[in-house]
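Each residue takes its place number in the sequence, starting with 1. Hydrogens, waters and symmetry mates are skipped; everything else that's a heavy atom, side chains included, is used.
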Amino acid sequence: MASKEGSAGQAFGPVLAAVATMQGNVSRSEKTHAHEFLEKFQKSIEAWTITHELLQSPDVPVEAKLFAATTLKGKIMFDLDQLPAESVVALRDSVMNLLVAFASGPRPIQTQLCVCLASLAIQMLEWKDVLASVGSALGSSAGDCVLEFLKILPEEVTEGRKINLSEEDLLTRTKELLEDNAEQVMHLLIQYAQSSPTASTNPRLLDCITSWMREIPAAKIVESPLLDIVLKGLDNDVSFESAVDSMCTLYRDTREVDESLPIIQALYPRLMTLRPKIAEFAETEDTDAFRGITRLFAEAGEAWVVLAARLPTEFRGLVEAVLECCARDWDRDAVSLTFVFWYELKQYVTLERYTDARVCFSDVFSQLVDIMVKHLEYPRPDDGEIDLFGGDREQEEKFRHFRHSMGDVLKDCCAVIGVSECLTKAYQLIQQWVSKYAAQASDDHVPNWQELEAPLFSLRAMGRMVDPEENTVLTQVIPLIVQIPNQEKVRFQAIMALARYTEWTAQHPETLEAQLNYVISGFQHSSSEVVQASALAFKFLGTDCQKLLGGHITQLHSFYESVLDKLKPASQEEVTEGVAAVVAVQPIDKIYETMKLFCDPIMNRIMALANNAKDEQGQRAVADHLQLITIFVLVVNPYVSRGEENPAVKYCGEILPIMTTIALNFTESTPILERVCRCWRNMIISYRTAMTPLLPTLADSLANGFQASREGCFLWATDAVVREFSEGAEFVDPATSNAVFRFYEQQATAFLRTLNDLPPENLPDVIEDFYRLSSDAVRYYPKECISSPLSIPIFTAALTGLTLQQVDPLMAILHYYHDLFSFAFERPAISEFTSSNGDPYTNPPEVREAVKQLIASQGQALAERIITGMMFSFPGDCFPDASGVMMSLFELMPQEAGLWLQSTLQMLPPGTMKPNEAERLLKGISDKVQSGELRKIRVLLQDFTNSYRRRNVAPREGLGRLEATRFRFSG
C-alpha cells in the first residue's frame with residue numbers, strides 16, 4: 001500500500017489509506033475514524049482536485065477509483081457553487097475526458113461518471129448542445145458508453161429536485177434536455193439498432209429505449225424498428241430481462257386504453273405469439289425466464305384489464321395466458337406477479353355492466369381456485385427429511401406470507417363465481433382425502449396431510465366472503481372439520497378455519513357444541529401452535545356466540561381456571577376476551593358478581609406474583625396478568641341509567657387501591673406501570689362519567705405514581721381524564737371540570753421539575769406523553785391553558801424537547817405548537833369546539849391576543865429550533881409538521897417571523913450556503929406572504945432545508961460500498 005501511495009502522489013495518500021482501512025480487516029474504531037475522515041473529505045473543496053487525480057492515476061486500485069467517481073458525483077450534485085463559475089466548463093470537459101478513459105469499463109465507474117455528466121447538464125443552463133458534444137467527445141467507438149449516458153440522462157432529470165435549481169429553471173431545463181431531444185434520441189437509437197448486428201441482444205440499448213419512453217410516446221416506439229429490437233431481445237438470455245422491462249414500460253403508456261387502442265392492437269398479437277415460451281421455460285425450469293414471461297403477460301393484463309372486461313372474447317387469450325403462468329409455476333416463484341391482475345379483473349367483472357365478461361371468465365376463475373389451492377400445499381420433504389423447508393426459515397416465512405396473498409386471490413374468485421362454488425371445491429377436496437386416507441390416518445401418521453391442510457386453509461381464507469346465513473355448503477363442511485385428525489398442521493388449520501366462521505356458528509347454534517368441544521380439546525395438544533390457534537378460536541366463539549354461551553358461566557369459569565396458567569400471555573389475553581364477552585351479556589344484576597368470579601382469582605394471582613417478582617421475568621408476569629383485568633374493563637361495559645351505580649365501576653373501586661399499591665411498589669418496572677396505567681385509562685374510556693366517584697382517588701394515584709416513577713404512562717392516563725371531564729363535557733359539572741384542570745397543572749409542574757433534573761435525552765417517552773397531554777389540555781381548556789402561569793414554562797420546555805432526534809416526541813411537541821397556535825385565530829381548526837347551538841366555536845379575543853403575546857416573546861427561540869432542526873437533526877417524517885408550525889408563524893406575524901428566520905440563517909457556519917441562497921429564500925417567502933399563498937411557504941422551507949442538509953449534513957454515497965470486502969467489476 002505504501003508503494004502505491006508513493007507512486008500516486010502524496011496529495012491523495014491519506015484518502016487511499018482511509019479507503020484501504022474501510023476495506024481491511026481492522027478494528028471497528030479504525031474503520032469509524034476512516035469513515036469520518038472520508039465523509040469530511042467528500043464535502044471538502046480539496047475533493048474536486050483529489051478525485052480527478054485518483055481517477056487519472058494508473059496505480060490507484062479500482063475500488064478507490066469507484067469511491068472517487070461517486071464522490072465526484074456528489075460534489076457536482078451538491079457543491080458546484082464551491083467552484084468559480086468560469087471553472088464549470090473546464091470541469092465538464094474533464095469529466096468527459098474521464099468518461100473517454102473509462103469508456104471500456106469498469107462499468108460501475110463509467111455509470112458514476114455518466115451521472116456526473118448528466119448532473120452537470122442539468123445545472124449548466126447555458127450548455128445547449130448536450131447530446132452533440134457528449135457524442136462528439138466519446139466518438140463512434142464508445143457506443144455502449146453513449147448509451148449509458150443517454151439512459152441516465154432522463155433518470156437524473158426526473159430526480160432533478162435533488163439539485164438546487166429553481167422550479168422554473170428545472171422545468172425549462174427538463175424541456176430542453178428531454179422533450180426537445182426526444183426525436184433526435186429516437187433517431188440515434190434506430191440508427192444504432194440498424195447499424196449494430198448485436199443490437200437486439202444488447203441490454204444497454206434496451207435499457208436506453210426504456211429510459212426514453214418517459215419522453216418518446218409509445219405509439220412512435222411501436223411504429224418504429226425499435227419494437228422489433230425489443231421483441232428480438234426476448235429471444236436471448238443476455239437481453240431478456242431488459243427486453244421485458246421495455247415491454248412492460250410500453251404497457252404503462254397504454255393504460256388509457258381508449259386513447260391507445262391502435263397501439264394495443266399492434267402490440268397484442270405480437271405479445272400472444274410469445275405464449276409458447278410459458279411452457280418452454282416451465283419445462284426447462286428456468287426460474288428467471290419464467291418470472292420474466294409471467295411478468296410480461298401479467299403486466300399486460302393489468303394495463304389492458306378494462307379491455308378484457310369490455311371485450312372478453314377478444315382478450316380471453318391474454319387472461320388464459322396469465323392463468324397458464326399460474327398453473328405452470330412449478331416452484332411458486334412467479335405466481336405472485338399475477339395477483340394484482342386477478343384483483344383488477346375481479347373489480348371490473350363484478351360490475352353490472354360487465355356481466356358478459358363475468359360469464360365468459362367464470363371458468364377461468366373456477367380453474368384459478370383449483371390452481372391456488374394446489375399452490376397452497378406445503379412442500380413434501382424427501383425421504384428421511386423431517387423439516388418441510390430443509391431448515392430454511394426464511395423460505396418458510398416467505399411461504400407463509402405467500403399463502404395469505406393467495407388467500408386474497410381466492411376471495412377474488414369468490415366475488416366472481418360465488419362463494420358456494422368455491423367452498424364446494426374445498427369441501428370436495430376434503431371429502432376426497434377422507435375417502436382415500438381417513439381409514440389409514442392416526443394421531444401419529446396422517447398420509448398426504450398436505451392435500452387435506454391446503455383446502456382447510458382455503459376455507460379459512462375465504463371465510464370473510466361467506467354470509468352468516470349460508471346454508472348450502474357449511475352445514476356439510478363444519479361437521480366434517482370437527483372430525484379432522486390430530487396431525488399438528490392439519491389440526492391447526494382446522495381450528496383456524498372454525499375461528500373464521502364463528503359468526504356463521506352464531507346463526508347455527510346446533511353446531512356450536514361440537515365446535516366448542518373440538519376447540520377446547522385443542523388446548524391439550526402437544527403443539528404450541530395448535531394451543532395458540534385454540535385460544536384464538538375460543539376468543540371468536542366467545543365474542544360472536546356470547547348470547548348462546550351466556551347461560552354457561554359456571555362451566556366457562558371452570559374451563560378458564562383450568563387453562564389460564566398453562567397458556568402464553570398472548571393466548572391468555574385471547575381466552576380472556578372470549579370469556580369477558582360472555583360476562584358482558586349477563587343480566588345487569590349479575591355483572592358485579594360475575595366480574596368478581598373471574599377477576600378476583602386474577603387479582604389473587606397478581607398479588608402472589610407481585611410478592612415474588614424479584615427479577616424482570618417476575619415483573620413481566622405481573623404485567624401480563626394486569627392486562628387480563630384491562631380486558632375485562634374494556635369488554636364488560638354494561639348500559640346503566642344515569643344516577644344508577646355501574647356494577648363494573650363498583651368492582652373497579654375495589655381493585656383501584658390494590659393497583660395503586662402495586663404501582664408504588666414497582667416504580668422501576670416500566671411493564672408493570674404501563675399496564676396499571678393502561679387499565680386506569682381504559683376505566684375512564686369505558687365507563688366515562690360513571691367513574692366520577694372514583695376520580696379523586698384515581699387522580700391521586702396518577703399524580704403520586706408520576707412523581708415517584710417519572711414514567712410517561714401516568715401522563716398518558718391523565719390525558720384520558722382531561723378529555724373525558726373537560727369543560728362543557730356532557731354530565732360533567734363545572735367544579736369537577738375545574739378540578740381536572742388543576743390536576744393537569746399538578747402533573748405539568750411535576751413534569752417541569754423532572755425536565756429540570758434530567759436531560760431531555762433521558763426522557764423521550766415522558767416528553768412525548770406530556771405534550772400529547774398538553775395538546776389535549778389546550779384543545780379542551782384553551783382559556784385556562786393560555787392564562788395559566790405555567791404556559792410560558794411549558795412552551796419553553798418544549799423548545800428543549802426539540803433538541804431530540806426521535807420522531808415520536810418531536811411530533812408530539814410540533815402538534816402541541818400547532819394546536820396552541822390555532823387559538824391565535826378567530827376559528828381554531830379543531831373539530832371539538834362548537835357553540836351550544838352547534839355553530840363553529842369562536843375564539844374569544846383575549847385568548848387570541850394571549851397566544852400572540854406568547855409567540856411574540858418566544859418566537860425567536862422557536863423559529864431557531866425548528867429551522868436548525870430541519871437543517872440538521874429532525875427525522876424526515878417531522879418536516880411537514882415542522883414547516884407547518886413555521887407557516888403559522890408567518891401567517892400570524894409575517895414581519896417578525898421573517899426577522900427570526902433571517903437571524904437564524906446568519907448563525908449558520910460560513911460557506912455552508914450557496915451565494916444569495918438565504919436572500920432568495922427570504923424573498924420567496926416574502927412574496928408568498930404578500931400574495932396570500934401561505935401554504936407554499938412550507939414547500940419553500942422544506943426545499944431549502946432539504947438542499948442544505950443534503951449538501952452539508954447527510955452522508956454522501958460511496959462509503960457504504962467500501963465496507964464490503966471486495967467488489968467485482970465488469971467492463
Side-chain angles (χ1 to χ4, degrees), residues 463 466-469 478 495 498-520 522-523 534-564 567 571-603 625-655 678-679 682-691:
V466 181
D467 193 291
E469 307 294 330
I478 297 297
I495 292 173
L498 293 179
R500 179 60 83 176
Y501 290 97
T502 50
E503 289 184 29
W504 180 89
T505 302
Q507 303 292 322
H508 299 80
E510 70 280 1
T511 67
L512 174 59
E513 184 176 357
Q515 291 185 64
L516 192 59
N517 290 336
Y518 188 75
V519 169
I520 287 176
F523 284 94
S534 300
L536 182 66
F538 183 86
K539 165 189 166 180
F540 288 123
L541 282 168
T543 301
D544 293 329
C545 305
Q546 56 186 163
K547 292 181 180 177
L548 298 176
L549 294 170
H552 301 278
I553 284 294
T554 303
Q555 297 93 315
L556 283 177
H557 179 255
S558 298
F559 158 74
Y560 185 61
E561 283 295 304
S562 69
V563 301
L564 189 63
L567 301 176
S571 295
Q572 287 180 336
E573 292 179 23
E574 287 164 349
V575 172
T576 300
E577 283 186 61
V579 167
V582 181
V583 173
V585 297
Q586 298 302 300
I588 193 73
D589 59 343
K590 300 286 186 183
I591 291 282
Y592 169 73
E593 64 182 63
T594 310
M595 277 192 80
K596 279 186 70 68
L597 178 68
F598 283 93
C599 293
D600 276 357
I602 299 174
M603 291 302 300
H625 282 75
L626 284 165
Q627 178 63 15
L628 305 184
I629 297 296
T630 301
I631 290 170
F632 278 98
V633 169
L634 280 166
V635 176
V636 183
N637 194 353
Y639 175 76
V640 179
S641 300
R642 180 161 168 74
E644 294 182 16
E645 183 181 41
N646 187 312
V649 173
K650 179 181 178 182
Y651 185 73
C652 290
E654 292 182 8
I655 63 174
R678 181 179 296 174
C679 189
N682 282 293
M683 287 179 185
I684 297 294
I685 292 171
S686 289
Y687 308 127
R688 307 187 69 179
T689 52
M691 283 288 293

Exercise. For Ser686, does its backbone N or O pair with a side-chain atom of Asn637 as donor and acceptor, under 3.5 Å?
Worked result: yes
For this session: Would you please test Ile631 and Gln627 for side-chain contact (heavy atoms from CB on, under 4.5 Å) and show each step?
Result: CA-CA 6 Å; Ile631 290 170; Gln627 178 63 15; 4.3 Å; yes
Exercise. Can you list the steps and then say if Leu516 with Gln555 is a side-chain contact (heavy atoms from CB on, under 4.5 Å)?
Worked result: CA-CA 12 Å; Leu516 192 59; Gln555 297 93 315; over 6 Å; no
Exercise. What's the spacing between Ile629 CD1 and Arg678 CZ if we round to 0.5 Å?
Worked result: 14.0 Å
For this session: Identify the two heavy atoms, one from Tyr687 and one from Cys652, that lie closest to each other, and give their separation to 0.1 Å.
Result: CE1-SG, 3.8 Å
Problem set entry | Closest approach of Val636 to Met595 (non-hydrogen atoms, all atoms of both residues) | CG1-SD, 3.9 Å
Problem set entry | Distance-minimising heavy-atom pair for Met691 and Met683 | CG-O, 3.5 Å
Exercise. After noting the C-alpha distance and the side-chain angles of Thr505 and Leu548, does the key distance pass the side-chain contact (heavy atoms from CB on, under 4.5 Å) rule?
Worked result: CA-CA 10 Å; Thr505 302; Leu548 298 176; 5.7 Å; no
Problem set entry | From Leu567 atom CG to Thr576 atom OG1, the distance as rounded to the nearest 0.5 Å | 8.5 Å
Exercise. Can you list the steps and then say if Tyr651 with Glu654 is a side-chain contact (heavy atoms from CB on, under 4.5 Å)?
Worked result: CA-CA 5 Å; Tyr651 185 73; Glu654 292 182 8; 3.9 Å; yes
Would you mind writing out the side-chain donor-acceptor pairs for residues 536-547 within the sub-3.5 Å range, not counting sequence neighbours?
from	atom 1	to	atom 2	distance (Å)
Thr543	OG1	Lys539	O	2.8
Asp544	OD2	Thr502	OG1	2.5
Gln546	NE2	Ala581	O	2.6

All N/O donor-acceptor pairs, side-chain side in residues 643-650, below 3.5 Å, sequence neighbours left out:
from	atom 1	to	atom 2	distance (Å)
Asn646	OD1	Ala648	N	2.9
Asn646	OD1	Val649	N	3.4

Seminar exercise, completed: Rounding to 0.5 Å, atoms CD (Glu469) and NE2 (His508) come to a distance of 7.0 Å
Seminar exercise, completed: Distance col, row Leu498:CG vs Gln515:CD, nearest 0.5 angstrom, shows 5.0 Å
Problem set entry | Atom pair CE (Met603) and CD1 (Ile655), whose distance is rounded to the nearest 0.5 Å | 5.0 Å
For this session: Could you tell me whether Glu513 atom CD has more than 12 heavy atoms of other residues or ligands within 6.0 Å of it?
Result: no
Problem set entry | Lys596, NZ: over 12 other non-hydrogen atoms inside 6.0 angstrom | yes
Exercise. Where is the tightest heavy-atom contact between Ile602 and Tyr560, given as atom of each residue plus distance?
Worked result: CD1-OH, 3.5 Å
Exercise. To the nearest 0.5 Å, how far apart are CG in Asn682 and CZ in Phe632?
Worked result: 14.5 Å
Exercise. So, the side chain of Gln586 versus the backbone of Ile591: is there a donor-acceptor pair under 3.5 Å, distance only?
Worked result: no
